[in-house]
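Following: one structure in structure tokens, then a few remarks.
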Amino acid sequence: MGSRITFFEGTAFVSLHQVEILDWKTKQQLCFLEKVEPQATISDIRLMFHKLYPQWYPARQSIRLEPKGKSLRDEESLQLLPLGATATFYFKDLGPQIGWTMVFLIEYTGPLFIYFVFYFRMPFIYGLDDRFTSSRHPVVNLACICHSFHYIKRLIETIFVHRFSHGTMPLRSIVKNCFYYWGFAAWLAYYINHPLYTPPSYGQKQVNFALILCLVFPPSLSLSLQTCEAGNFSIHVALSNLRKDNKRSKTCKIPYPTKNPFTWLFYFVSCPNYTYELGTWIGFTIMTQCVPVGLFTLLCFIQLTVWAKDKHYTYLREFKDYPSLRMSIIPFLL
């Protein structure tokens, strides 16, 4: 049997719950909570459980109604859940957790510095041959500026802009994420900065076109040209302002265009920050004419589309009056 703990309720007229928590895999009882008030939330249950098992802090806990079901949200209360006189929950250890701010700082700092290792053509990477110390093509310098600016902007957003509704992510997931961001940064940087790198086929005209696309990316039917990076930043600020009053709020709100023209893309898509992100990498691909960059852009498009569709369907599910004209990521198409 698991541990037993009793919580007393001062009001005699309240119908109190008994709560048992079982291991999701073995079905062994871990604890039994007596006299838990019906207004208690899952967050309260997590804290009670944490008192008995200090090694499983709330962020590590997945509390469910079914062994393989979805984790219950912190704000859900016992009185609104389909429970009997004795409420049975299942616990799964999510493993060590890490805060989202630290996650993003680690993910985005890596590509920034990894790229510089290749940009400065360290001898242990390219060797000391005279060809390998030749002057760089101007597009190589420009690519370094664009790549660095992109990740510096992300770091600034992480520190000063983003507000996270979920406090942590599993520590094991950051290894996978870093492998993706850091690995691709090294792969594309190796080829872009290689002394034998071949500049774009159409020369400076192609570079200029890509730079315009990267910096002045016009979304469909927008009334003015938009800067991809500035547009992405503006959308993040707009989304952050939705939680201005409560930084940790998990309440979903519909984002709308503001006086800032960069937010006008909200008229047509649910996730314009992803649209701007995609525009940036398309421009970077054309500018560098590099296969690894193109592959990264393709994978980026697939992942951004998955995230955008998920967010779009969440809006549709939460709000019956959600604007019908909006698509997920590409106006009128996707």
Side-chain angles (χ1 to χ4, degrees), residues 107-155 176-220 225-233 273-305 329-330 333-334:
E107 288 179 358
Y108 300 153
T109 301
L112 184 63
F113 287 100
I114 287 173
Y115 197 96
F116 285 134
V117 171
F118 292 90
Y119 176 74
F120 290 112
R121 295 180 178 174
M122 305 304 289
F124 62 87
I125 297 176
Y126 294 120
L128 298 174
D129 191 283
D130 289 341
R131 296 174 302 165
F132 286 18
T133 58
S134 58
S135 60
R136 303 179 182 88
H137 190 278
V139 72
V140 174
N141 297 324
L142 186 58
C144 180
I145 293 173
C146 291
H147 187 275
S148 301
F149 177 79
H150 178 74
Y151 283 101
I152 290 173
K153 179 187 73 70
R154 284 191 169 188
L155 290 171
K176 176 183 65 178
N177 290 8
C178 286
F179 179 79
Y180 173 77
Y181 284 107
W182 295 19
F184 262 109
W187 192 28
L188 62 88
Y190 175 83
Y191 284 99
I192 294 174
N193 296 288
H194 198 286
L196 302 180
Y197 166 75
T198 302
S201 301
Y202 295 95
Q204 193 61 38
K205 290 183 179 180
Q206 182 173 333
V207 173
N208 292 340
F209 172 77
L211 189 59
I212 291 173
L213 179 63
C214 187
L215 298 179
V216 191
F217 178 70
S220 299
L225 296 177
Q226 317 272 333
T227 301
C228 272
E229 295 287 6
N232 182 270
F233 179 81
N273 50 318
Y274 296 153
T275 309
Y276 287 126
E277 177 89 1
L278 179 60
T280 296
W281 287 110
I282 290 174
F284 196 70
T285 301
I286 296 173
M287 176 193 300
T288 58
Q289 194 175 293
C290 185
V291 172
V293 181
L295 180 58
F296 177 78
T297 300
L298 176 61
L299 295 179
C300 184
F301 169 67
I302 295 172
Q303 183 61 75
L304 291 176
T305 300
I329 185 171
I330 300 179
L333 294 177
L334 184 65

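What you see below is based on every heavy atom in this structure, not just the backbone, and it leaves out hydrogens, waters and symmetry mates. Since the model is a prediction, treat every value here as computed from it, not as a measurement.
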Fill in the blank from the handout: Closest non-hydrogen atoms of E107 and W182, given as atom of the first, atom of the second and distance, are O-NE1, 3.3 Å
Handout entry: Any side-chain heavy-atom pair of E229 and C146 under 4.5 Å
Key = no
Problem - Exam field: side chain N232 to backbone N273, donor-acceptor pair closer than 3.5 Å - result: yes
Completion exercise
Tightest non-hydrogen contact, residues T288 and A143, listed as CG2-CB, 3.9 Å
Practice task
Calculate, to the nearest 0.5 Å, the distance between atoms CD1 and CG belonging to I152 and L112 respectively.
Solution key: 5.5 Å
Practice task
Locate the shortest heavy-atom distance separating Y191 from C290; write the atom from each residue and the value.
Solution key: CB-SG, 3.7 Å
Fill in the blank from the handout: d(E277 CD, Q303 CD) to nearest 0.5 Å is 11.5 Å
Practice task
Could you tell me whether the side chain of I192 reaches within less than 4.5 Å of the side chain of H147, counting heavy atoms only?
Solution key: no
Problem - Chi angles and distances behind the side chain to side chain contact (heavy atoms under 4.5 Å, CB included) call for T305, Y274 - result: CA-CA 8 Å; T305 300; Y274 296 153; over 6 Å; no
Exercise for the section: Check whether any side-chain heavy atom of I125 sits under 4.5 Å from a side-chain heavy atom of N193, and report yes or no. Expected result: no
Completion exercise
Rounded to the nearest 0.5 angstrom, the CZ-CZ distance for F179 and F184 is 9.0 Å
Problem - Minimum heavy-atom distance between V293 and F284, given as atom pair plus value - result: CG1-CD2, 3.5 Å
Handout entry: Which atom of S148 lies closest to which atom of F116, heavy atoms considered
Key = OG-CZ, 3.4 Å
Completion exercise
Here the pair of heavy atoms bringing C228 nearest to T280 is CB-OG1, 3.1 Å
Exercise for the section: Would you check if Y180 and F296 make a side-chain contact, meaning some heavy-atom pair closer than 4.5 Å? Expected result: yes
Handout entry: Note, Y197 side chain near V139 side chain (heavy atom, < 4.5 Å)
Key = yes
Practice task
Could you label the plane-to-plane angle of the Y108 and Y151 rings as parallel, tilted or perpendicular, counting under 30° as parallel and over 60° as perpendicular?
Solution key: tilted
Handout entry: SG on C144 to CZ on F118, rounded to 0.5 Å
Key = 12.5 Å
Handout entry: Side-chain heavy atoms of F301 within contact of I282, under 4.5 Å
Key = no
Practice task
For a side-chain contact (heavy atoms from CB on, under 4.5 Å) with C300, tell me which candidate from L304, L298, I302 qualifies.
Solution key: L304
Handout entry: Donor-acceptor contact present, side-chain T275 to main-chain I329, <3.5 Å
Key = yes
